[in-house]
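Working notes, beginning with the structure itself.
In the text below, chain A, chain B and the rest are named by the order of the sequence lines, each starting its count at 1.
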Amino acid sequence: MNLPDDGTGRSEAGTIVVIGVGQSLRGDDGAGLAAVRLWYATYQEKLIRPAVRMELAELPGISLLSLLEGYQSAILVDAVRSGSIPGTILQITEGQLDQFSSGSRSAHGWGVAETLTLGRSTVSEQLPRKIILIGIEAGQIKLGENLSPQVEQSLLEAARLIEQLVSEALDQA
Amino acid sequence: MNQDIHIPALARVEGEGALTIRLKDGAVNEIVLNIYEPPRFFEGFLLGRYFQDVPDITARICGICPVAYQMSSVQALEAALQVTISPEVRLLRQLLYCAEYIESHALHIYMLQAPDLVGYESAISLAADAPDIVKRALRLKKIGNDLLKAIGGRSVHPVNTCVGGFYRWPTVEAIHALVSELEWAREASIETVKWAATLKYPEFEQDYEFVALSRLEEYSIYDGYIVSTTGRRTSPEEFEKFYLETHVPHSNALHSHTAENTTYFVGPLARINLNFKQLRPIARQAAKEIGLKLPLRNPYKGLLARAIELVHTTDLAVQLAKEYAPTGPSFKEFKVRPGEGYGVSEAPRGLLYHRYVVDEQGLIRFARITPPTAQNFAQMEADLWALAPNVVKQPQEQASISFEHLLRSYDPCISCATHFLNLKIDYE
């Protein structure tokens with residue numbers, strides 16, 4: 001028996017990391033993971049590119065910082081709740097994320113925003129210069145492996161956006 | 001003050017929960033601690049699954065303590081299927097558990113509880129004033145996660161544990177490469193104990209019944225007998241006879257109590273009070289140097305217990321990593337047969353119990369998971385009642401903070417709740 005090959009190995013040449021964040025047993029909370037998996041499957045032929053790595057991170061909390069370390073740029077894909085229609089894809093810069101991270105007592109203590117804020121204030125030099133978040137608006141969050149139809153339908157668009165951002169990052173690298 | 005105190009979401013605990021304190025004529029009338037969804041919901045999710053899928057699924061209950069869920073579940077399933085693991089597998093599982101203790105304790109000590117004790121809103125504001133402290137925490141946590149990844153294949157949710165052993169042995173090089181970092185972590189842990197001793201802990205002591213796993217020959221984390229400060233000693237098979245769960249109307253989580261209907265306390269304080277003699281000498285020495293007196297009956301001082309355990313687990317990890325040299329198969333072949341099995345281990349937050357019934361095809365027919373937070377739940381409420389009379393005289397904001405401090409000292413893990421990034425964006 002072998003470990004599942006989820007592409008989480010890291011090459012020294014890695015300059016760009018794409019990280020799916022979420023909880024795969026919690027309905028649409030798994031959207032970020034599903035989108036990164038779909039991107040990986042759809043654009044696999046391009047993934048020979050040694051500069052691009054993929055990570056799937058379920059409930060990473062502060063461990064997210066370890067996953068980000070050493071790369072020049074990062075694309076995080078996570079489910080979000082912003083009041084939009086389920087399946088809506090949002091592209092959020094780190095600057096935007098930061099301004100909504102402090103003072104929120106409704107999100108549990110260590111979401112992506114808080115973790116990045118902490119990381120920037122302590123180990124910023126080890127983190128990617130550029131971090132972009134792709135948010136996928138969640139619908140249902142019931143226990144179970146299935147995504148809601150609206151979110152499922154949005155995955156291809158999310159995967160395209162990931163690929164577009166990866167290409168842009170490669171051009172700038 | 002005649003207003004209710006409602007804390008809609010407990011900040012800086014792992015997961016989501018809420019607390020409401022109702023006052024009547026200025027006195028506390030009702031205390032409702034609500035943990036929205038405990039791991040109980042995972043029990044239904046496991047029914048009909050193949051037993052070998054269980055360790056990977058239960059790991060996803062928590063991002064901080066996935067190993068604990070794996071260790072209790074594989075032990076329960078190995079008991080059900082009558083599988084005996086090799087001594088080498090047991091040693092590697094202990095090393096995996098050390099990894100979890102390192103990353104989890106570093107997180108709790110520095111990021112979740114310490115900000116309360118040094119008067120900061122969060123680790124983010126603490127980092128602004130004391131970046132070296134937070135950097136030490138981040139490096140400790142990273143070392144734990146790196147060890148998790150080396151053994152388990154991933155730094156957050158390890159996928160290498162299976163019923164019967166490991167899918168494959170980690171390479172000797174990968175484990176040995178971490179020894180120097182683990183040695184740094186051991187030094188940092190001793191510094192953590194010294195630093196923890198300088199913090200100011202609120203005065204609050206109760207006469208608790210502590211319950212933890214115990215073994216004569218080692219500080220019990222991976223397995224053992226269930227012992228209590230009342231002198232009770234039970235086997236994992238007897239757990240449900242003496243530690244019961246009941247539904248309460250105000251919460252989705254069950255309340256645990258003893259067969260005598262008393263509350264009890266699991267976690268680092270329980271372990272250190274019951275098993276201090278089994279700690280490794282370097283950890284006992286660290287405790288001695290700060291003048292630690294047992295028993296510790298102040299829940300806030302769970303932080304001290306965690307810091308001492310951090311010394312113990314880093315020291316154990318250094319030894320296990322240095323001596324790691326596996327031979328033979330990493331996985332024991334066995335025949336699937338129907339059966340029932342029980343498993344207990346010490347999650348960083350306390351005793352974690354699993355029970356499974358497996359049918360002749362190896363499918364799960366019954367699952368029970370009793371996590372430490374659920375067991376501490378009634379004790380947390382009892383503490384809130386004890387704390388409340390004085391606290392409710394404080395201004396509402398300060399009162400809320402005081403209640404949260406107490407709850408955070410328990411390190412409740414409610415992480416089976418969702419982990420959304422709640423975004424509010426004003427588009428121009």
Once you round to the nearest 0.5 Å, how far does CD1 of Ile62(A) lie from CG of Leu112(B)? 7.0 Å
What one should report as the nearest heavy-atom pair of Leu59(A) and Arg60(B) is CD1-O, 3.7 Å
Taken to the nearest 0.5 Å, the spacing of Lys149(B) NZ from Leu67(A) CG works out to 7.0 Å
Under the salt bridge (Lys or Arg N to Asp or Glu O under 4.0 Å) test, residues paired with Glu163(A) that sit two or more places apart: Lys46(A), Arg49(A)
Give the C-alpha distance, both sets of side-chain angles, the deciding distance and a yes or no for side-chain contact (heavy atoms from CB on, under 4.5 Å) between Leu56(A) and Arg154(B). CA-CA 9 Å; Leu56(A) 296 173; Arg154(B) 293 206 284 188; 4.1 Å; yes
Provide the closest heavy-atom pair for Leu118(A) versus Ala123(B) in the form atom of the first, atom of the second, distance. CD1-O, 3.5 Å
Please report the interatomic distance OG(Ser63(A)) to CG(Leu148(B)), rounded to the nearest 0.5 Å. 8.0 Å
Closest heavy-atom pair and its distance - Ile124(B), Glu114(A): CD1-O, 3.6 Å
Rounded distance [0.5 Å steps], NZ in Lys142(B) versus CD in Glu69(A): 4.5 Å
Looking at residues at least two apart in the chain, or sitting in another chain, which of them share a salt bridge (Lys or Arg N to Asp or Glu O under 4.0 Å) with Arg129(A)? none
Under 3.5 Å, is there a donor on one side chain and an acceptor on the other for Ser66(A) and Asn145(B)? no
Rounded to the nearest 0.5 Å, how far does CG of Leu65(A) lie from CG of Leu138(B)? 6.0 Å
